[in-house]
Asker: 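Before I ask anything, let me first share the structure, which is written out below as structure tokens.
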Protein chains: 2
Amino acid sequence: MISSTVENYLKELFLLNPDGETQIATGELAKALSVTPGSATSMIKTLAQAGLVEHRPHYGVKLTNEGRTLAVHVVRRHRIVELFLVNILGMDWSEVHDEAEQLEHVVSDQVISKMDDLLGHPTHDPHGDPIPTPEGTLPVRSLQPLSFCKLGDTVSIARIGNQNTNFLKFAEDNGLLLGATIKVANKNEVADSITIISKGEEVVLGLAAAGRIEVEFA
Amino acid sequence: MISSTVENYLKELFLLNPDGETQIATGELAKALSVTPGSATSMIKTLAQAGLVEHRPHYGVKLTNEGRTLAVHVVRRHRIVELFLVNILGMDWSEVHDEAEQLEHVVSDQVISKMDDLLGHPTHDPHGDPIPTPEGTLPVRSLQPLSFCKLGDTVSIARIGNQNTNFLKFAEDNGLLLGATIKVANKNEVADSITIISKGEEVVLGLAAAGRIEVEFA
DNA sequence: ATTAAACTTTTGATTAATCAAAAGGATTGT
DNA sequence: ACAATCCTTTTGATTAATCAAAAGTTTAAT
Ligand SMILES: [Mn+2]
Ligand SMILES: [Mn+2]
Ligand SMILES: [Mn+2]
Ligand SMILES: [Mn+2]
């Protein structure tokens, strides 16, 4: 049986490199998983042994096709569970990520399939992230970080790429919800900030935070 | 953090001895959990150290109040999850035990509370087992094993005390569902069998199997 | 070409959980 | 009282996952 730990490593490799093109550095993976670099190296070797990743020592690591398939299934479980917790159980989108982080390792395919039916075969989770199909394909959209928008741009929010509970609560409090239409009222590269109009109110964000909000032109 | 393994040990101790009166033998616990006696001894010592059980070496083990409280909460999670899987996700009662065996360790109190609301604060799971309240109290019913019934008794099925998938499928196929009314048509202690009328059909059961079906007089 | 900085890997230890097999108690029959 | 039997506990090993700190590589700067 494949452990939760292994699933987390595979999933994180996928999230850090969804296209499977780049090599991920050991340290980057370690940081993403909150383990020491030595732990990551050790697990990478185990995964390479099992044929789930390709490892070029000192250069980086990359999922194999087999590893990617497993990873995508974990992501599918995670995102369906998240949407289920929000849409069916009525939980807040800011709380469900941590729940899903655990549930993704224990819900069976059958349960996921039932949830999927009940949800009406959704394509995106509560944060705007695409839900892989059971076959492992991902819907693609062309989105742009809010931080790239120019003064006067009117766009709609399509994805919040930050799972932190406090950030999500802040977003919710300021009307920065999926599908919301916003307008760029100011942008100051020097001050590293962007100002938008959301529901008639001005909201100021640092560019780093704005980089985690992805938008599409309406 | 309390591990799944510890939760399984505590839960099993509770299920083997719900009243907390008897001492459970190491071997009995080991068998119930499918581990070797040595493993059970070792875990019992860990649990005793943590104040979750009281251990009298060579005589047996018993939950402390603290251990019992933890155990009851695991049982609550297990049973709410089971009912949720059946009533909301539409799974078969014969399949949900194994799912719940995993989910009971990862669903949060908040998720359980939401499921409980959605289910309308149920008192019994799909097998007729009582669901402990959040405070840890258990509804009590006075049931009797079907094997104790006498010829001519008319009773209704209140609990199936066997989580085995094949047994549950057999029960379902023969109309032995919760609430079903049945009548004892024959009982043969020598042949170790009992015959009942269920939905007009005769069903023959061994007395051991009939002992796992609990009934109440209508 | 050296050296320093930054990163990765290796080494050695630790913890939780488990097993097989040896050793130790308790119980029961003679 | 004395075994025989049946448990339980102990012992010694193993596996997965982790960390701290030492050692090794790569790259970039002088
Ligand atoms: Mn998430
Ligand atoms: Mn996870
Ligand atoms: Mn069950
Ligand atoms: Mn369990």
Side-chain angles (χ1 to χ4, degrees), chain A residues 1-17 22-63 66-67 70-71 74 98 101-102 104-106, chain B residues 1-14 16-17 22-64 66-67 70-71 74 98 101-102 104-106:
Chain A
M1 197 68 257
I2 187 161
S3 69
S4 296
T5 305
V6 166
E7 287 189 341
N8 281 332
Y9 272 87
L10 295 175
K11 188 188 62 166
E12 206 59 50
L13 281 169
F14 172 79
L15 295 176
L16 289 170
N17 182 20
T22 343
Q23 299 265 114
I24 297 299
T26 302
E28 194 182 351
L29 179 59
K31 180 167 283 180
L33 290 165
S34 305
V35 296
T36 62
S39 298
T41 299
S42 153
M43 179 56 80
I44 286 166
K45 287 168 80 173
T46 305
L47 298 176
Q49 196 64 44
L52 301 174
V53 303
E54 205 181 308
H55 185 211
R56 294 185 49 218
H58 287 106
Y59 287 92
V61 63
K62 215 172 82 169
L63 290 170
E66 191 187 345
L70 287 172
V74 179
D98 294 338
E101 200 56 55
Q102 304 305 313
E104 65 189 0
H105 310 295
V106 300
Chain B
M1 196 67 254
I2 186 160
S3 69
S4 296
T5 306
V6 166
E7 287 189 340
N8 281 332
Y9 274 87
L10 294 176
K11 187 188 64 166
E12 206 59 50
L13 280 169
F14 172 78
L16 289 170
N17 182 20
T22 341
Q23 299 266 114
I24 297 299
T26 302
E28 194 183 351
L29 179 59
K31 180 167 282 178
L33 290 165
S34 304
V35 297
T36 62
S39 298
T41 299
S42 154
M43 178 57 78
I44 286 166
K45 285 168 81 174
T46 306
L47 298 176
Q49 196 64 44
L52 301 174
V53 302
E54 203 182 310
H55 185 208
R56 293 185 50 215
H58 286 106
Y59 286 93
V61 63
K62 215 173 81 171
L63 290 170
T64 61
E66 192 187 343
L70 287 171
V74 178
D98 293 338
E101 201 54 56
Q102 305 304 314
E104 65 189 0
H105 309 295
V106 300

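Residue numbering restarts at 1 for every chain, and letters A, B, ... go by the order of the sequence lines.
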Asker: Could you please name the option among D:dT8, D:dA17, C:dA17 that lies closest to any side-chain atom of A:T5?
Answerer: D:dA17
Asker: Would you please confirm or rule out a distance under 4.0 Å between OP1 or OP2 of D:dT9 and any side-chain N or O of B:T26?
Answerer: yes
Asker: Classify the nucleic acid contact of A:G38 as base, sugar-phosphate or nothing, counting any heavy atom under 4.0 Å across all strands shown.
Answerer: base
Asker: Please list, chain by chain and in numerical order, all residues satisfying salt bridge (charged side-chain N to carboxylate O under 4.0 Å, His left out) with B:E12, sequence neighbours excluded.
Answerer: none
Asker: What's the CG-C1' distance between A:L33 and C:dT8, to the nearest Å?
Answerer: 16 Å
Asker: If only side-chain N and O atoms of A:H55 are considered, is one of them under 4.0 Å from the OP1 or OP2 phosphate oxygen of C:dT9?
Answerer: yes
Asker: Show me, pair by pair, the donor-acceptor contacts under 3.5 angstrom made by side chains of residues 41-59 of chain A, not counting sequence neighbours?
Answerer:
residue : atom : partner : partner atom : Å
A:T41   : OG1  : A:P37   : O            : 3.1
A:T46   : OG1  : A:S42   : O            : 3.1

Asker: Figure out the CD/P separation between A:E12 and D:dA17, and round it to whole Å.
Answerer: 16 Å
Asker: Rounded to the Å, how far apart are B:K45 NZ and D:dT11 C1'?
Answerer: 10 Å
Asker: Within the pair A:Y9 and D:dA16, is there a side-chain N or O less than 4.0 Å away from OP1 or OP2?
Answerer: no
Asker: Starting from P on C:dT8, measure out to NE2 on A:H58 and report it in whole angstrom.
Answerer: 8 Å
Asker: Starting at atom CD of B:Q23, determine the distance to atom P of D:dT8, rounded to an integer number of angstrom.
Answerer: 12 Å
Asker: Out of C:dA20, D:dA17, C:dT18, which has the shortest distance to the side chain of B:S39?
Answerer: C:dT18
Asker: Using heavy atoms to find the nearest nucleotide of DNA chain D for A:V35 and A:P57 separately, return the residue whose nucleotide is more 5′.
Answerer: A:V35
Asker: Can you check the A:I44 CD1 to C:dT9 C1' distance for me, whole Å?
Answerer: 10 Å
Asker: Could you work out which one of D:dA17, C:dC19, C:dA17 sits closest to the side chain of B:M43?
Answerer: C:dA17
Asker: Just the rounded figure in Å: distance from C1' of C:dA17 to CG of B:L10.
Answerer: 15 Å
Asker: Are any of the side-chain heavy atoms of A:K11 and A:E101 separated by less than 4.5 Å?
Answerer: yes
Asker: Does B:E7 reach the side chain of B:L70, with side-chain heavy atoms less than 4.5 Å apart?
Answerer: no
Asker: Dump the intermediate steps for side chain to side chain contact (heavy atoms under 4.5 Å, CB included) on B:V35 and B:Y9, then the final yes or no.
Answerer: CA-CA 11 Å; B:V35 297; B:Y9 274 87; 3.6 Å; yes
Asker: Contact class for A:A25 (heavy atom, under 4.0 Å): base, sugar-phosphate, or nothing?
Answerer: sugar-phosphate
Asker: Can you tell me if A:S42 touches the phosphate of C:dT10, counting only side-chain N or O atoms and a distance under 4.0 Å to OP1 or OP2?
Answerer: no
Asker: Return the value, rounded to whole Å, for the distance between atom OH of A:Y59 and atom C1' of D:dT26.
Answerer: 6 Å
